[in-house]
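A short write-up of the structure that comes next.
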Amino acid sequence: MILVVSLGAMWASTLICSSSGKALLTERVYSQLTSLRAARTYQIQDYFERLVQHTQTLSDDYMFIAAMKEFKAAYAELTKANVPAEYNTKIDAYYTKEVLPRLAKTTKGKPLIEAYIPNKTATRYLQYNYIAANSNPVGKKFLLDDAGDKSKYSSVHARYHPRFRNIAERFGYYDMYLIDTTGDIVYMLSKEIDFGTNLIDGRYSQSNLGKALADSLKAKSTEFVEIVDFEPWQPSYGAPASFVASPIFEGTELIGVLAFQLPIDAVNRIMTNDNNWQKIGLGKSGETFLVGKDYLMRSASRFLIEDPEGYAKDLQNNGVDQKTINKIKEYNTSILLQEVRTKSADAGLAGKEGTWIINDYRGIPVLNSYAPLEIDGLKWVIIAKIDVSEAYAPIDHFQKRVLISATLIMLIITLLGMWLANIFTRPIKTLMAGARRVGAGEFDTVVTSKSKDEFGELAKSFNEAVGSLRNHANLIEQKNRENEKLLLRILPAPIAKRLKGGEKNIAEQVSNVTVLFSDLHHFTQLYQLMSAQEVVAVLNEMVTAFDEMAEKYGIDKIKTIGDGYMAACGLSVPRMDHEKRMVEFAVEMLAFVRRYSYEKGLHLDLKIGINSGDVVAGIMGKNKMLYDVWGDTVNTANQLRSACPAGAILLSQNVCDRLQDLYEFEQVGEIQEPGKQKLVAWQLKSTQQPVTAKATKEWESDK
């Protein structure tokens with residue numbers, strides 16, 4: 001009693017102190033994160049405001065007006081220039097040796113030189129003199145002031161280029177453009193492969209810079225400034241790029257557009273506090289970062305900067321595909337590559353702000369403060385976070401100290417209690433020891449007592465009770481094992497676990513699920529040729545094989561209805577490749593039925609329908625339980641199965657869209673059932689032919 005009362009009071013005090021301390025610490029951390037988030041919001045907004053003002057000021061400056069006019073005139077002269085054959089040869093060689101190998105690392109498929117090499121006279125002339133014939137390495141081409149070709153363009157370039165380069169270096173711009181109203185890039189600071197191209201009808205017209213130009217050309221005054229969000233910029237070999245643009249007017253006449261490529265480093269310095277997270281109270285795991293409306297980062301991840309290898313490993317463990325990880329390593333940035341599809345990002349994009357505990361993009365629990373970031377032309381979310389483990393470290397330290405102190409106190413109280421108990425309960429120590437062993441699970445315990453009084457009778461009764469308990473425990477364990485095996489045969493393992501945990505009404509809506517319906521063709525005709533036992537044996541062999549295939553591909557069997565088979569992938573266990581798994585499963589089912597039919601001399605085949613989408617799943621019944629799924633996704637799969645010819649696999653449009661790079665499909669037309677919408681059906685081409693010559697003959701005979 002002394003032990004129980006003392007420990008109860010001690011643990012109650014500890015829990016109250018811990019919970020109160022945790023609440024106060026959580027409030028303090030949230031307050032700190034929110035303050036940091038607000039400070040970074042102000043700094044980012046101030047940076048972009050100064051950027052807009054600076055761009056607007058320069059576009060109205062006389063030097064830029066004069067430069068725009070002179071570069072336009074010089075560029076116009078180059079449209080009539082003579083481009084010697086040696087120019088073309090060197091340009092072709094530069095694109096072949098320098099440009100295409102770099103593009104191949106970041107472009108899907110093999111880039112063709114015809115798609116990138118310039119064909120306009122002025123563009124080829126400029127790219128030869130300032131890129132192909134420029135002795136400076138890639139990334140340093142801007143160091144050339146005068147190409148030495150004695151053209152009017154090079155004279156103008158030699159006068160303005162050093163000034164523009166000084167402006168870009170002083171204000172941290174990555175690149176600078178002067179663009180004619182016709183869309184021609186008449187001047188470019190960095191001298192990349194978009195130099196001299198056209199942003200209205202050229203290859204880069206659909207880029208974010210092309211959008212900024214189009215909006216700027218519609219402007220009515222010099223006060224207009226357009227900021228476009230980050231996108232992969234092909235001239236920089238897919239690196240993320242954002243631009244700010246402003247029209248250049250001479251009086252009331254629009255003569256061109258000034259554009260700057262924004263530096264990524266400037267945004268990163270603000271969001272990372274110049275890589276000094278601990279100085280602002282973010283510890284070893286905290287960070288602030290930006291997320292765009294596409295759920296991709298707009299600033300660098302702290303973990304990529306501090307530990308690239310560990311960051312890549314975390315992404316790999318979190319299911320990020322290897323191509324994305326390789327691109328992050330290639331560009332050394334998480335901007336436009338790291339997806340942050342969290343509750344905070346959703347809420348921030350919806351215009352809300354707040355704090356809560358969620359799993360971050362690494363799958364790690366964090367304390368999180370989020371808010372929308374409003375900048376003209378941009379819709380971003382700013383997030384400040386820190387790992388829960390680090391934030392609650394003081395509480396954990398406090399709990400450890402309490403645990404040590406409590407252990408010492410408990411030891412003292414236990415010794416005192418044992419001394420008193422020994423005095424008052426010495427006659428029944430043996431019985432107490434036996435009871436402890438039984439409590440620990442030792443049901444073979446037998447207590448011996450030489451006493452002939454009441455304690456002897458108590459020991460005898462105790463032994464009888466332990467024997468009865470042992471028999472009941474063995475019986476219960478045996479029944480539990482039997483029940484568990486039976487439950488796992490009719491329900492998926494996660495559902496069975498929930499049912500064992502006490503849930504009664506199990507029903508849920510599940511997204512990203514692929515459903516398959518199949519039907520054995522000509523199966524009912526077997527009753528005319530075989531006995532009922534033989535027919536059931538054939539069906540049992542097939543269903544058993546289907547079940548083994550489903551387990552192999554991680555697919556949940558839902559039910560069988562006669563010779564029909566229904567399965568789902570991504571239901572009990574979410575899977576990124578649920579469509580691919582189901583198609584592979586269907587192909588193997590079809591191959592098995594054809595092989596089995598051939599070996600047994602039967603004329604069986606399969607009709608399979610596959611669809612993916614959202615479903616509702618749950619358990620029906622109490623005495624006879626059934627796990628089933630419902631919804632339009634299921635109905636569509638069944639509709640495809642009904643319309644499917646024997647020996648084929650029909651798939652819905654959304655499944656084909658997801659797998660068009662892996663399989664070859666053929667559209668078979670529209671399916672229309674009374675009272676239902678038209679459905680476009682696609683057939684998997686690889687299933688159109690039987691597998692053997694004999695099967696082909698029988699197949700054609702059946703048809």
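- Counted by atom type alone, R40 and Q43 present one or more donor-acceptor pairs between their side chains at under 3.5 Å.
- With rounding to the nearest 0.5 Å, the separation of CZ in R37 from CG in N368 is 9.5 Å.
- Judged purely by distance below 3.5 Å, without hydrogens or angles, the side chains of S389 and D387 never pair a donor atom with an acceptor atom.
- Using a 4.5 Å cut-off on side-chain heavy atoms (C-beta onward), K141 and Y130 make no contact.
- Under the 4.0 Å criterion applied to side-chain N and carboxylate O atoms, R102 and E98 are assigned as salt-bridge partners.
- Between the CG atom of N198 and the OG1 atom of T182 there is a distance of 6.0 Å, given to the nearest 0.5 Å.
- No cation-pi contact links R302 to F289, judged by a cut-off of 6.0 Å to the six-membered ring centre and 45° from its axis.
- For the atom pair N273 CG and Q278 CD, the distance stands at 11.5 Å (nearest 0.5 Å).
- With values rounded to the nearest 0.5 angstrom, D61 atom CG is found 12.5 Å from Q56 atom CD.
- Of the possible donor and acceptor atoms, one in the side chain of Y153 sits under 3.5 Å from a partner among the backbone N and O of V186.
- Within 6.0 Å of NZ on K327 lie no more than 12 heavy atoms contributed by other residues, nucleotides or ligands.
- Between R124 and D92, at least one side-chain N (NZ, or NE/NH1/NH2) sits under 4.0 Å from a carboxylate O, which counts as a salt bridge.
- When all heavy atoms are compared, the tightest approach of P247 to S216 is CB-O, 3.8 Å.
- The neighbour count for R159 CZ, taken as heavy atoms of other residues, nucleotides or ligands under 6.0 Å away, is above 12.
- Using a 4.5 Å cut-off on side-chain heavy atoms (C-beta onward), P574 and N512 make no contact.
- Using a 4.5 Å heavy-atom threshold, the side chains of Y95 and Q127 count as touching.
- Checking side-chain atoms of T288 against main-chain N and O of I383 turns up no donor-acceptor pair under 3.5 Å.
- A distance below 6.0 Å separates the ring centres of Y173 and H54.
- Summarising the geometry of I325 relative to V320, their closest heavy-atom pair is CD1-O, 3.8 Å, with the distance given to 0.1 Å.
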* To do: Start with the C-alpha gap between M271 and I44, add the side-chain angles, then the distance that decides, and say whether side chain to side chain contact (heavy atoms under 4.5 Å, CB included) holds.
  => CA-CA 8 Å; M271 298 309 298; I44 288 292; 3.7 Å; yes

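- Partner of F243 under the ring pair (Phe, Tyr, Trp, His ring centres under 6.0 Å) criterion, chosen from F260, F230, W233: W233.
- Applying the 6.0 Å contact sphere to NZ of K120 captures more than 12 heavy atoms from other residues, nucleotides or ligands.
- Looking at heavy atoms from C-beta onward, L217 lies in side-chain contact with T181 at the 4.5 angstrom threshold.
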* Asked: Under the side chain to side chain contact (heavy atoms under 4.5 Å, CB included) criterion, do I264 and Y331 qualify, and how do the steps go?
  -> CA-CA 12 Å; I264 295 175; Y331 298 129; over 6 Å; no

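- Judged by distance alone, with hydrogens and angles left aside, the side-chain atoms of N208 form a donor-acceptor pair with the main-chain N or O of A241 at under 3.5 Å.
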* Candidate pair L36 and L282, rule side chain to side chain contact (heavy atoms under 4.5 Å, CB included), full reasoning -> CA-CA 9 Å; L36 286 172; L282 286 173; 3.5 Å; yes

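- Classified by interplanar angle (parallel below 30°, tilted 30° to 60°, perpendicular above 60°), the ring pair H157/F71 is perpendicular.
- The pair K279-D274 fails the salt-bridge criterion, with no side-chain N (NZ, NE, NH1 or NH2) lying under 4.0 Å from an Asp/Glu carboxylate O.
- Enclosure of atom CE in M576 is not indicated, since only 12 or fewer non-hydrogen atoms of other residues, nucleotides or ligands lie within 6.0 angstrom.
- Taking a 6.0 Å sphere around CD of E223, one finds it holds 12 or fewer heavy atoms contributed by other residues, nucleotides or ligands.
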* To do: Take Y75 and Y187 through the ring-ring contact (aromatic ring centres under 6.0 Å, His included) test and state the conclusion after the steps.
  => CA-CA 9 Å; Y75 185 89; Y187 170 79; over 10 Å; no

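- Looking at S207 and E231, their side chains never bring a donor and an acceptor atom within 3.5 Å of each other.
- Looking at heavy atoms from C-beta onward, F142 lies out of side-chain contact with N136 at the 4.5 angstrom threshold.
- With hydrogens and angles ignored, the 3.5 Å screen pairs no side-chain donor or acceptor of E579 with any backbone N or O of T514.
- Paired with I179 under the rule side-chain contact (heavy atoms from CB on, under 4.5 Å), one option of L213, I248, D184, I200 passes, and it is L213.
- A salt bridge links E584 and K580; the closest N-O separation between the charged side-chain nitrogens and carboxylate oxygens is under 4.0 Å.
- Here the side chains of F249 and L254 are in contact, with some heavy-atom distance below 4.5 Å.
- A donor-acceptor pair is defined here as one N or O able to donate and one able to accept, closer than 3.5 Å; no such pair exists between the side chain of S205 and the backbone of D201.
- Here D229 does not pair with K293 in a salt bridge; the nearest charged N to carboxylate O distance is not below 4.0 Å.
- Between K211 and D215 there is a salt bridge, with a side-chain nitrogen of the basic residue lying less than 4.0 Å from a carboxylate oxygen of the acidic one.
- Checked by atom type and distance alone, the side chain of T79 pairs as donor or acceptor with a backbone atom of A76 at under 3.5 Å.
- The environment of N317 atom CG is dense: over 12 non-hydrogen atoms of other residues, nucleotides or ligands sit within 6.0 angstrom.
- Between F164 and F64, a ring centre-to-centre spacing shorter than 6.0 Å is recorded.
- One N or O on the side chain of S334 and one on the backbone of S301 form a donor-acceptor pair closer than 3.5 Å.
- E390 contributes a side-chain N or O that, together with a main-chain N or O of S285, makes up a donor-acceptor pair within less than 3.5 Å.
- Between the CG atom in L659 and the CG atom in D661 there is a gap of 9.0 Å [rounded to 0.5 Å].
- Side-chain atoms of D265 and Y174 include no donor-acceptor pair closer than 3.5 Å.
- Looking only at atom types and distance, the side chain of Y237 has no donor-acceptor partner in the side chain of E330 under 3.5 Å away.
- Side-chain contact between Y177 and L258: absent, with no pair of heavy atoms (C-beta onward) separated by less than 4.5 Å.
- Heavy-atom minimum distance, V52 versus I227: CG2-CD1, 3.6 Å.
- Annotation for Q322: atom CD counts as buried by contact number, over 12 foreign heavy atoms lying within 6.0 Å.
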* To do: Take I280 and N276 through the test side chain to side chain contact (heavy atoms under 4.5 Å, CB included) and record every step on the way to the result.
  => CA-CA 7 Å; I280 56 175; N276 290 316; over 6 Å; no

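- S154 contributes no side-chain N or O that, together with a main-chain N or O of K150, makes up a donor-acceptor pair within less than 3.5 Å.
- Of the N and O atoms on the side chains of T55 and S246, not one donor lies less than 3.5 Å from an acceptor on the other residue.
- With S299 contributing its side chain and L290 its backbone, the two residues share a donor-acceptor pair below 3.5 Å.
- Taking a cutoff of 4.0 Å between a charged side-chain nitrogen and a carboxylate oxygen, D321 and K323 do not qualify as a salt bridge.
- Q653 and D657 are linked by a side-chain donor-acceptor pair at a separation below 3.5 angstrom, with hydrogens and angles left out of the test.
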